[in-house]
Amino acid sequence: SKEQGRFQVQFFSAEARERQTVRYSMEKRLFKALERNEFRLYYQPMIDMVTGRTTGAEALIRWIGEDGTPIHPDQFIPLAEENGMIVPIGQWVVKTALNELSVWRGYGLDHLRISINLSARQLQEPDFLLNFLQMLSHSGENPEQVMIEMTETVVMRKAQESIDLLGALKAHRIKIAIDDFGTGYSSLSYLRRFPVDVLKIDRSFVRQIGEMGEDSEIVRLITLLARALSLEVCAEGVESELELSYLREFGVGSYQGYLSSPAIPSGSFVDWVLKSRA
Ligand code: C2E
Ligand code: CA
Ligand code: CA
Ligand code: CA
């Protein structure tokens, strides 16, 4: 058993070393990815539940690596947060997303809203607000067509700073959404103090709607809460007509999900919107 123990130690350290190597080589490629122009934004339509019309899109980042297949953010955003790369990547995201508004306008789509994800590390940057507002004013875009998404955990961790930050964004007429609503560490009272516009109901609740009574009740309660506070509600990850009909019955205002479309490249998104309007 002593032998076995020693063997295990060696086994795990070899495995750990292997993990380090993989991480290191990914990190090296990640540092070069921006200058190599390897990131893309994909766009997932956000759809009005009542009219069925597209109200905008959420920008979701992809990393197109050597073999051409898009790598999803869960594979590299955590690493980028750890080593700080998320800051320049995030700036690229904001610039690209703002530019997308002018691309859409070129196709006569001048009413759509772009929604941008921000992670904790980005919001902690002392220059975040200044940078963001500068990029916005350089773009010349209408701030009311710009929404930012952050999770409630991020907001709650530094409550007073968040109130100030969100207040400043709000003063510039930028829309604010709480992402993955219902999954984090949240206190309902914060919703009154934070200048929030939209609650995005997490996919984990949507997925089990109708199957498990409790999740349906949570969705229903979030909708009631939102109505009481005059907030919009957007459901994430809608995959079936059944889910959609429940959400509509509960009074959820808009949705995203594979039922209508996954996140797709800019050109495909424009085609999709133009076709779905016809
Ligand atoms: P999120 O903001 O909660 O985004 C929703 C995720 O659900 C996206 O995954 C989207 O592609 C996926 N999704 C949408 N509809 C459906 C559906 O019907 N079924 C299922 N199964 N999934 C659906 P994605 O694109 O892989 O992004 C993962 C996470 O990475 C995002 O979660 C967000 O937190 C983060 N992220 C994405 N883009 C950015 C970015 O530009 N900056 C930062 N900081 N984070 C980002
Ligand atoms: Ca999001
Ligand atoms: Ca989400
Ligand atoms: Ca999420």
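Read the numbers this way: they start at 1 and go in the same order the structure lists the ligands and their atoms.
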query = Which option out of A97, A120, P73 puts a heavy atom nearest to atom 37 (C) of ligand 1?
reply = P73

key: Best match, R121, E58, R62: closest heavy atom to atom 25 (O) of ligand 1   = R62

Check: [X] side chain, [Y] main-chain N or O, donor-acceptor pair, under 3.5 Å:
X    : Y    : answer
Q145 : L112 : yes
S276 : W272 : yes
T54  : V273 : no
D179 : K200 : no

ask   = Which residues pass the salt bridge (charged side-chain N to carboxylate O under 4.0 Å, His left out) test with D110, sequence neighbours left out?
value = none

Just which atoms of ligand 1 are under 4.0 Å from any heavy atom in [X]?
X    : value
G257 : 15 (N), 18 (O)
E236 : 3 (O)
Q44  : 14 (C), 15 (N)
H72  : 24 (P), 26 (O)
V93  : 41 (O)
S119 : 44 (N)

Check whether any heavy atom of [X] sits under 4.0 Å from an atom of ligand 1.
X    : answer
K200 : no
Q122 : yes
E239 : yes
E81  : no

inquiry  = Within the 3.5 Å criterion, strictly below it, is a donor on E100 or S266 matched to an acceptor on the partner's side chain?
reply    = yes

inquiry  = I'd like to know if the side chain of Q122 pairs up with that of S119 as donor and acceptor (distance under 3.5 Å, no hydrogens or angles considered).
reply    = yes

The Ca ion (ligand 3) - closest N/O/S atom in [X]:
X    : answer
D180 : OD1
E236 : OE2
D179 : OD1

query = How close do Q256 and C234 get, heavy atom to heavy atom, and via which atoms?
reply = OE1-SG, 3.7 Å

inquiry  = Quick check on the 6.0 Å ring-centre criterion: do F269 and W104 meet it?
reply    = yes

Between [Y] and [X], is there a side-chain heavy-atom distance shorter than 4.5 Å?
X    : Y    : value
I176 : M147 : no
I201 : V219 : yes
L169 : H172 : no

query = If Ile, Leu, Val, Met, Phe, Trp and Tyr residues are connected whenever their side-chain heavy atoms lie under 4.5 Å apart, and connections chain through other members, are I218 and V198 in the same group?
reply = no

query = Got an N, O or S from N117 under 3.0 Å of the Ca ion (ligand 2)?
reply = yes

key: the Ca ion (ligand 2) to nearest N/O/S of E58 below 3.0 Å   = yes

Side chain, backbone, both or neither: [X] near ligand 1, heavy atoms under 4.0 Å:
X    : value
R203 : side chain
I61  : both
D180 : side chain
A263 : neither
V238 : backbone

Proximal heteroatom of E149 relative to the Ca ion (ligand 2) (N/O/S) = OE1

message = For ligand 1, which is the ligand I care about here, please tell me if Q256 has any N or O atom under 3.5 Å from one of the ligand's N or O atoms.
response = no

For residues 29-42, dump all side-chain donor-acceptor pairs below 3.5 Å to protein atoms at least two apart in sequence or in another chain.
{"unit_1": "E38", "atom_1": "OE1", "unit_2": "W63", "atom_2": "NE1", "d": "2.9"}
{"unit_1": "R40", "atom_1": "NH1", "unit_2": "N37", "atom_2": "O", "d": "2.9"}

